[in-house]
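This report refers to the structure that appears directly beneath it.
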Amino acid sequence: MNQQTRLFLLFAWLMVAVLLWMEWGKEQAAKLAPPPVTPAAQVVPQVVPGALPAAAPANAATTAAPTAANAATPANAQASAAPASVQVETDVLRVQLDGGSFRQVDLLQYPKTLGGNDPVRLFSADNADYYMAQSGWNGQGGSQAPNHTGFVVDGGATQFKLAAGAKTLDVPFTWTGANGVAIHRNVRFTRGSYAVDVRDSVTNGGGTPWQGYIYRQLVRVPPTLQTGMMHPESYSFVGATWSDGKHYERRPFKDYMDGGSVDQTIQGGWLAMPQHHFLSVWIPEADQQAKFSLSQNGPADSIAAMGPGFTVQAGQTVTTNARLWVGPKDVKALEALGVPGLDRVIDYSRWDWLAYLGTGLFWLLSKIHALFGNWGWSIIGLVFLLKLALFPLSNAQYKSTAQMRRVQPRMKALQERYGDDKQKLQMAMMELYKTEKINPIGGCLPIIPQTIIFMTLYWVLSESVELRHAPWMGWIHDLTARDPYFVLPILNAAIMFFTQHLTPPAPGMDPTQQKMMKAMPVIFGVILAFLPAGLVLYQVANGALGLIQQTYMLRKYADKPSPGTHEAKKK
């Protein structure tokens, strides 16, 4: 088998290996995922972090996070009746809220299915889909405090709707203790935003100091995902992620507690539970500390930020704020929050260097989209730019291919001349490469970057909610779904066939190798048939441009026969 054929096979098998590795990872995740919780199964208990035995700071102006040394394990279960909830509706959210828990959230701008009317439901109180954001207080030193079930709405209203022309909508809640302490919570919704501001004010109207700390958590029963190549959502990371603004950590649901409960004190930072295209994120204040912990309670997994803690003197008031993002993985909107490291929550890869590459590729793709206004044409534009960037490497590859094709008669003559003497044949071929100024490894250079870009683009195109239900043209109505009529996979197979036809044949290739080479376009066509149309569009555009470039190089370097061709034949 000659060098160019080996390169083609190497690239092909690398691509197949990447796709098969992705599919294997999905199947393993499905096997390890917990079984679904049906309505008849155990009711999910409400999760309340445990009390802290140590005293909070000595004055109201100072706050601190619970530490690993003095904090009890979070997620002590406390079953209690849910308080009456209120309904809140803005232009982008429909929320069922009881003061301490976001019990149900519908994303009004994101239909569940293409052309459907039902919105995506991110939070739910149903047992099978249990998923909530919660926030409450724990008292210390005998102080009373409300957990996330203890707040009542001010005024008794049950319906809140963002008024026409209004920018914000405030929903007030209050808890009043027997000791004269009152906690006022204001939940503010903003027009066009998926970020909800939650502000707590603790006023001590009693005669003795009050001690306590706030907690904020996300609680979810791990979802059961459909697996297989026709369900790209099963490739996305589902679990808990968190960051201190510099370091990014994550824990999938399938092995949620394998690495322990974390118990990490962080100032600011964020904690999140992402899924395909959507996520929820608690963002505490940047200057306040909290102890981040993971826990399990029955079928539910949770991640909590416990703290800061306060000591509120008689007659004093302290406040603490946090933001809850409950919505899409919208890059621009998340960047607008100004939270260090939050861009990492869009999980292009578990490896940082690939994630940074994915971030760069999406940035470039979004800039192209600003010009074209269509994500499909933007993908094709991205291919052009990547081809330009990789031109020196790909040019070396196609030049090597053309030169190898030009000297094929001489190589065949050398093989006939030396027969089974591999050593002499190898020396003669190296002399031929030197005489013709052919770099035998020139075709190797583009293989690695092309494979890395393909793998990274898979995550970018799969994760980007901006491409969700985004059309290209004609029959492609959703670039994140498979091509419904398999037109693009067939085009890709045809391009591979013609590219293979232009690749120099290997003299003496055995029948098995010939069949394997001929089957490659079909193998890729079948695999790509079930991948997102946007990724297949990238492959088609990349392959088509490569075919054009290779055809040009063949004409440029193969118009005239090699000067030594006839002499080699005579010998």
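Numbering starts at 1 and runs along the sequence shown.
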Parallel, tilted or perpendicular, as decided by the 30° and 60° cut-offs, for the rings of W475 and W472: perpendicular

Test applied, side-chain contact (heavy atoms from CB on, under 4.5 Å); reference residue, L218; option that passes from V281, D301, I303, L279: I303

N/O donor-acceptor pair under 3.5 Å between D330 side chain and K332 backbone: yes

Residue pair M455 / W459: nearest heavy atoms and the distance that separates them: O-CD1, 3.2 Å

Short side-chain to backbone donor-acceptor contact, D244 and H247, under 3.5 Å: yes

Closest non-hydrogen atom pair between V536 and L528, with its separation: CG2-O, 3.3 Å

Donor-acceptor pair between Q275 and S236 side chains, under 3.5 angstrom: no

Value rounded to 0.5 Å, distance of CG in L385 from CD1 in I380: 12.5 Å

R220 NZ/CZ over F253 ring centroid, <6.0 Å and within 45° of normal: no

Within-4.5 Å side-chain heavy-atom neighbours: S280 and Y131: yes

Heavy-atom pair with the smallest gap, counting every atom of R344 and A355: CZ-CB, 3.4 Å

Test item: D483 side-chain N/O and L488 main-chain N/O as donor-acceptor pair under 3.5 Å: yes

Geometric class of the Y194/W325 ring pair [parallel <30°, tilted 30-60°, perpendicular >60°]: tilted

Closest non-hydrogen atom pair, R216 against S135: CG-OG, 3.6 Å

Expected output: side-chain R251 to main-chain Y256 donor-acceptor under 3.5 Å: yes

Under 3.5 Å donor-acceptor, D91 side chain and G192 backbone: yes

Validation row: P484, I476 side chains within 4.5 angstrom (heavy atoms): yes

Whether Y248 and W270 hold their rings parallel, tilted or perpendicular, with breakpoints at 30° and 60°: tilted

Salt bridge present between D197 and R188 (N-O < 4.0 angstrom): no

Residue among V92, V95, L162 satisfying side-chain contact (heavy atoms from CB on, under 4.5 Å) with F189: V95

Residues, nucleotides or ligands: over 12 heavy atoms within 6.0 Å of D258 CG: yes

R191 side chain vs A163 backbone, donor-acceptor pair below 3.5 Å: yes

